[in-house]
Amino acid sequence: MASTRQLKGRIRSVKSTKQITKAMQMVAASKMRRAQDATKASTPYSRVANEILTHLANQGATKDHPLFTERQVRNRLYIVVTSDKGLAGAYNANVLKAYLSELRRDEAQNHNSHTIAVGRKASQFVARLKGASLLGSYDNLSDQPSGSEISAIITQAYDAFVSGRVDAIDLIYTEFVSSMTQTPRMHRILPAGWTPTEVRQSLQDAVYEPSSEVVLESVVRRLVEAQLYQALLDARASEHSMRMLAMKNATDNASELVDDLTLEMNKARQAAITQELAEISGGAEAMKG
């Protein structure tokens with residue numbers, strides 16, 4: 001059994017760790033609320049953007065448009081979104097597991113795979129994969145990415161698609177459903193309007209002036225950017241939410257460990273007192289004899 005002094009040291013150490021995890025939990029909760037508000041605010045815009053792209057594609061307005069042209073997929077580009085830091089539970093592992101599953105499927109179908117990594121964890125993971133093609137790496141994006149940050153990623157993806165280097169571009173990220181539910185998701189952003197989406201009647205009845213082709217030419221890139229922006233906001237809200245939950249579990253575990261160590265220390269102290277009393281009694285009896 002450990003001594004009372006050793007147990008006191010361990011209790012102090014665990015309490016210090018508990019203070020750190022508690023502080024990280026509170027910071028993550030604050031960031032999660034801000035990120036959640038941001039993703040809720042932009043969700044309607046992103047949803048309508050996807051509906052417009054799908055409607056235009058169904059109407060044939062996108063025929064021969066380079067960003068809508070479906071090709072036989074031989075080369076795929078993945079934009080994988082993870083965090084820059086750890087301590088977020090299974091957040092990064094879930095995204096990377098989905099990404100790895102797609103890579104294996106491509107390999108089985110003799111497709112070539114390329115990757116743009118968003119987040120340091122994704123960059124590190126792809127760098128360790130044998131034979132992986134990493135086209136770009138973007139770390140330390142802000143919680144609400146600026147236009148220049150989004151534009152840099154989209155421009156690289158556009159160039160790869162328009163030049164014919166890749167035939168399809170898929171986003172792999174974590175969708176924020178609620179503070180308790182976050183799920184890995186894959187969403188195709190190019191060719192545009194490819195992902196089947198239900199289009200509301202009001203959009204189907206809309207009149208595009210001067211023509212749907214002119215509207216399409218001016219807004220298509222912005223609408224695709226909106227989908228990437230929404231995915232980044234969802235991913236950041238999910239990251240903070242999962243980190244908050246992970247730190248809460250760590251804080252709870254630290255509290256339980258402190259209780260267990262305190263109980264063990266009390267037992268050790270009681271055993272030492274009992275031992276001292278037994279020695280005093282034995283000494284007294286010896287002196288009488």
Side-chain angles (χ1 to χ4, degrees), residues 17 20-36 38-39 76-107 113-145 149-150 152-153 156-157 169-189 227-254:
T17 303
I20 295 171
T21 57
K22 182 68 176 177
M24 292 181 67
Q25 177 189 343
M26 295 176 69
V27 171
S30 176
K31 289 184 175 180
M32 188 270 290
R33 280 191 289 272
R34 288 201 298 270
Q36 188 176 356
T39 190
R76 295 174 74 188
L77 172 61
Y78 297 99
I79 301 177
V80 184
V81 184
T82 65
S83 67
D84 294 311
K85 302 174 183 176
L87 298 177
Y91 171 74
N92 291 315
N94 289 340
V95 173
L96 295 175
K97 183 179 178 182
Y99 166 62
L100 196 58
S101 175
E102 293 299 321
L103 288 183
R104 287 173 177 165
R105 192 169 68 172
D106 285 347
E107 185 177 4
S113 304
H114 309 277
T115 305
I116 291 177
V118 180
R120 190 173 297 114
K121 294 297 180 182
S123 304
Q124 294 171 347
F125 183 80
V126 177
R128 289 196 296 268
L129 291 178
K130 185 179 180 182
S133 171
L134 181 63
L135 299 187
S137 177
Y138 299 86
D139 300 341
N140 298 317
L141 296 187
S142 54
D143 280 359
Q144 295 184 35
E149 290 173 318
I150 296 288
I153 301 172
Q156 187 173 21
I169 301 176
D170 293 318
L171 261 173
I172 299 180
Y173 68 104
T174 304
E175 183 180 26
F176 181 83
V177 180
S178 69
S179 58
M180 298 300 295
T181 306
Q182 304 85 34
T183 56
R185 188 185 174 204
M186 188 173 75
H187 176 75
R188 179 156 294 178
I189 58 172
Q227 295 179 61
L228 174 61
Y229 182 67
Q230 181 64 41
L232 293 177
L233 291 180
D234 266 25
R236 193 52 59 97
S238 300
E239 175 193 344
H240 292 314
S241 182
M242 295 186 77
R243 179 170 290 116
M244 179 188 69
L245 187 60
M247 291 301 102
K248 181 182 182 305
N249 291 336
T251 303
D252 293 344
N253 290 337

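Scope of the values below: all heavy atoms of this structure, side chains included, with no hydrogens, waters or symmetry mates.
- Within the 4.5 Å cutoff, the side chain of Tyr78 has no heavy atoms near those of the Val126 side chain.
- The NE2 atom of His187 sits 10.0 Å away from the CG atom of Leu228 when rounded to the nearest 0.5 Å.
- A 4.5 Å side-chain heavy-atom check between Ile116 and Tyr138 finds at least one atom pair inside the cut-off.
- In this structure, the side chains of Glu107 and Leu103 stay at 4.5 Å or more apart for every pair of heavy atoms.
- With hydrogens and angles disregarded, a donor-acceptor distance shorter than 3.5 Å links the side chain of Arg243 to the backbone of Gly86.
- Between Glu102 and Arg105 a salt bridge is recorded (basic side-chain N to carboxylate O distance below 4.0 Å).
- Taking all atoms of both residues into account, the shortest heavy-atom contact from Gln182 to Met242 is OE1-CG, 3.2 Å.
- Within the model, atoms CD of Gln36 and OG of Ser178 stand 8.0 Å from one another, a figure rounded to the nearest 0.5 Å.
- For the atom pair Ser83 OG and Leu141 CG, the distance stands at 11.5 Å (nearest 0.5 Å).
- Put simply, the side chain of Gln144 reaches to within 4.5 Å of the side chain of Tyr229, judged on heavy atoms.
- Contact of the Thr82 side chain with the Phe125 side chain is not registered, since no non-hydrogen atoms from C-beta on lie closer than 4.5 Å.
- The backbone N or O of Ala35 lies less than 3.5 Å from no partner atom in the side chain of Thr39, so there is not a single donor-acceptor pair.
- In terms of heavy atoms, Pro184 sits closest to Ala98 at CB-CB, 4.4 Å.
- The distance from the CG atom of Asn140 to the CD atom of Glu149 is 9.5 Å, given to the nearest 0.5 Å.
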Which is it for Asp252 and Lys248 under the side-chain contact (heavy atoms from CB on, under 4.5 Å) test, yes or no, and what are the steps along the way? CA-CA 6 Å; Asp252 293 344; Lys248 181 182 182 305; 3.1 Å; yes
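- Residues Thr174 and Glu239 form no side-chain contact, since every pair of their non-hydrogen atoms from C-beta on lies 4.5 Å or further apart.
- For the atom pair Leu171 CG and Ile79 CD1, the distance stands at 5.0 Å (nearest 0.5 Å).
- The pair Asp143-Arg34 fails the salt-bridge criterion, with no side-chain N (NZ, NE, NH1 or NH2) lying under 4.0 Å from an Asp/Glu carboxylate O.
- Using a 4.5 Å cut-off on side-chain heavy atoms (C-beta onward), Asn249 and Leu245 make contact.
- Annotation: the span from Arg76 atom CZ to Ile169 atom CD1 amounts to 11.5 Å, rounded to 0.5 Å.
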